[in-house]
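Data first, discussion second: the structure below is written as structure tokens.
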Protein chains: 2
Amino acid sequence: MSNPPDGTRGARARARAEVTAAIKDEARRQLAAEGAAKLSLRAVARELGMASSALYRYFPSRDDLLTALIIDAYNSLGESAEAAEAAVAEAGPAHRWTAVCEAARAWALAHPHEYALIYGSPVPGYSAPQTTVPAAARVGLLLIDIVRDAHRGLGVAKPPLPAELRAEAERMTADLAPDLPPEVVTALVAAWAQLYGLIGFELFGQFNRVVEDREPFFRLAVARLAHGVGLVYPQQGRTD
Amino acid sequence: MSNPPDGTRGARARARAEVTAAIKDEARRQLAAEGAAKLSLRAVARELGMASSALYRYFPSRDDLLTALIIDAYNSLGESAEAAEAAVAEAGPAHRWTAVCEAARAWALAHPHEYALIYGSPVPGYSAPQTTVPAAARVGLLLIDIVRDAHRGLGVAKPPLPAELRAEAERMTADLAPDLPPEVVTALVAAWAQLYGLIGFELFGQFNRVVEDREPFFRLAVARLAHGVGLVYPQQGRTD
DNA sequence: CGCATTGCGAGAGCAGTGCTCTCGCTTGAT
DNA sequence: ATCAAGCGAGAGCACTGCTCTCGCAATGCG
């Protein structure tokens, strides 16, 4: 029969996809248990009951395995954030902003080693290939959308933009969100980076013995970030 | 002779200190060249013309070598920041704040792998020992000092503090800067984390194809951080 | 249906790693 | 002058990523 009975053409390809997934699953297990640097191809193969050399049929090198895990991690984080945003889609922009930020933090706390993989120091000497870009952009695009919605014909007070940054700010605006004012776009990109500073410091132990009750601290910082991009909290009261 | 002829007691100890320094120097070279994960004890020993086993007389394990490098890196960064601050000690707080932040960024760009060592993902499975704490705190203490000076009997407008954060904010304040209002201390700690978010994103490639002209962008973001902790820029004009 | 092709798993092997242990030499203090 | 401590070197263990070759099995073509 020349027609494949299942979705992927050929049972061969199907098996291949399954083994590939099994390898990534086991690798993710080891990643979560020991961290990226202790992820060992041989240990993965051992756990899967196959020869280490067989693994190279699926991933040409350890770095390629890591790249696959990185893309998956970006997508997992992106999905979490998108789901959290969708759950409060009807609420105001400030609420949606907070939901996305808190989803990112929650995902990071739940998958610390995967977070370290994508937002910590890039793994040893290795620089992420272009393939990761679309997955990596998901959270950022979400934040842009939210701010865009908030600014739709609203005309928020814009902080002044230094002359030296004018050109670059307009270039960034054209690339990212042509319908937003450059003042907001720069603030947005900065807030995006700062969000991961907050998450990283908590995750990597910089807040140890400094900030103990992290959740309300994070909430306040995120609210201030929101304020910086022109979102206003309607009511700061208790939400429980 | 029971009196040591040189500063450190015994010529033996002197030699030991020199070898220790040589090892760290070579290790730092490899760190800068290839990154932390490719730092190899054997390669260091090879380069120094000694047996790999001899190296263990100086550092009981690879992690201990890394810890030493981490402390040195924190101190190097701290010194850079302190020097930059001292150079503009007479200027206003906002200027001093900017000087510290820009010194941190410049140091990070000049020593990317060392920066990754201390502010990137903590190296594989390894968690920094308590020894690193004083060195790690230097930049943070600098920022606190600056804000403290700015607030000395000034009474800046404070953003409101949510009730859920009140207790924690007061605890942090007692630990870090009892003479500052809790509203400012929380903003300060957040700004501290966010600063490293900005630096990390630039260093680790997240800004590639997003922010191209990084310096003015960083300057603006840092100015806004300063604003958030109550520092006011006297004059935002061109400074060249 | 038969056959050539292709994909795949296994094993051996290479170069490299962190780390340990034991052996002597050299140096320093007594 | 003696003795102990510090130190360097070498061999060796268990592990890593990666390569190459071999033989089996499934696949798709005529």
Side-chain angles (χ1 to χ4, degrees), chain A residues 1-24 26-27 29-31 33-69 123-126, chain B residues 1-24 26-27 29-31 33-69 123-126:
Chain A
M1 312 162 184
S2 54
N3 268 355
D6 40 40
T8 66
R9 74 162 173 291
R12 198 95 217 198
R14 182 191 187 84
R16 182 177 179 85
E18 270 174 28
V19 175
T20 304
I23 292 172
K24 288 204 291 185
E26 176 56 31
R29 268 200 57 251
Q30 293 195 16
L31 186 65
E34 297 277 10
K38 292 201 176 169
L39 196 170
S40 148
L41 286 191
R42 292 181 109 112
V44 170
R46 208 178 303 134
E47 212 67 24
L48 262 52
M50 60 198 293
S52 67
S53 54
L55 224 146
Y56 286 83
R57 299 276 177 197
Y58 299 88
F59 296 94
S61 83
R62 185 179 179 277
D63 277 3
D64 290 271
L65 212 197
L66 276 178
T67 300
L69 294 181
V123 180
Y126 147 103
Chain B
M1 312 155 185
S2 53
N3 269 354
D6 42 40
T8 67
R9 73 162 173 288
R12 198 93 220 198
R14 184 191 185 82
R16 183 179 176 82
E18 271 174 27
V19 176
T20 305
I23 293 173
K24 287 204 290 186
E26 176 58 31
R29 268 200 57 252
Q30 293 195 16
L31 185 65
E34 298 276 12
K38 290 202 177 170
L39 195 168
S40 149
L41 285 193
R42 293 181 108 111
V44 170
R46 209 179 302 134
E47 211 67 25
L48 261 51
M50 60 200 292
S52 66
S53 55
L55 223 144
Y56 286 83
R57 300 275 177 198
Y58 299 88
F59 296 94
S61 82
R62 185 179 179 276
D63 277 1
D64 289 270
L65 214 198
L66 277 178
T67 301
L69 294 181
V123 180
Y126 147 104

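The sequence lines fix the lettering, A, B, ..., with proteins before strands; numbering per chain opens at 1. All values below come from the heavy atoms of this structure, side chains included, with hydrogens, waters and symmetry mates left out.
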Polar atom pairs (N or O), protein with nucleotides 20-24 of chain D, under 3.5 Å:
none

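Nearest-nucleotide mapping onto DNA chain D: of A:P60 and A:A43, the residue sitting toward the 5' end is A:A43. Comparing A:S40 and B:S52 along DNA chain D, the residue whose closest nucleotide (by nearest heavy atom) sits nearer the 5' end is B:S52.
Note on residues 44-61 of chain A: pairs passing side-chain hydrogen bond (donor to acceptor under 3.5 Å, both in side chains), not counting sequence neighbours, are A:S61-A:D64.
Going from atom CG of B:L55 over to atom C1' of D:dG10 covers 15 Å, rounded to whole Å. One can place CG of A:L39 at 12 Å from P of D:dC18, the figure rounded to the nearest angstrom. Atom CZ in B:R46 sits roughly 9 Å away from atom P in C:dG18 (whole-Å rounding). Put simply, CZ on A:R42 is 16 Å from P on C:dT17, counting in whole angstrom units. If you measure from atom CZ of B:R14 to atom C1' of D:dG6, you get 18 Å, rounded to the nearest angstrom. Rounded to a whole Å, the CD atom of B:E18 is 12 Å from the P atom of D:dG8. One atom, CD of A:E47, and another, P of D:dC15, lie 14 Å apart when rounded to the nearest Å. Rounded to an integer number of Å, the gap from CG of A:L65 to P of D:dT16 is 14 Å.
Contact detail for B:A27 and B:L39: the closest heavy-atom pair is O-CD1, 3.8 Å. Of all heavy-atom pairs between A:I23 and A:F59, the closest is CG2-CE1, 3.7 Å.
OP1 or OP2 of C:dG7 has not a single side-chain nitrogen or oxygen of A:R16 nearer than 4.0 Å. Side-chain N/O atoms of B:Y58 include one lying less than 4.0 angstrom from OP1 or OP2 on D:dG8.
Rounding to the nearest 0.5 Å gives a distance of 7.0 Å between NZ of A:K24 and CG of A:L69. For the atom pair CD (A:Q30) and CG (A:L41), the distance works out to 9.0 Å, reported to the nearest 0.5 Å.
Within 4.0 Å (heavy atoms only), B:F59 reaches no atom of the nucleic acid at all.
Nearest to the side-chain atoms of A:L41 among the listed nucleotides D:dC18, C:dG9, D:dA9 stands D:dC18. In the set D:dC18, D:dG8, C:dG18, the nucleotide with an atom closest to the side chain of B:A54 is D:dG8. Closest contact between the side chain of A:Y56 and the listed nucleotides C:dT17, C:dC19, D:dT19 involves D:dT19.
Between B:L55 and B:L48 there is no side-chain heavy-atom pair separated by less than 4.5 Å.
In this structure B:R16 satisfies the salt bridge (Lys or Arg N to Asp or Glu O under 4.0 Å) test with no other residue, sequence neighbours excluded.
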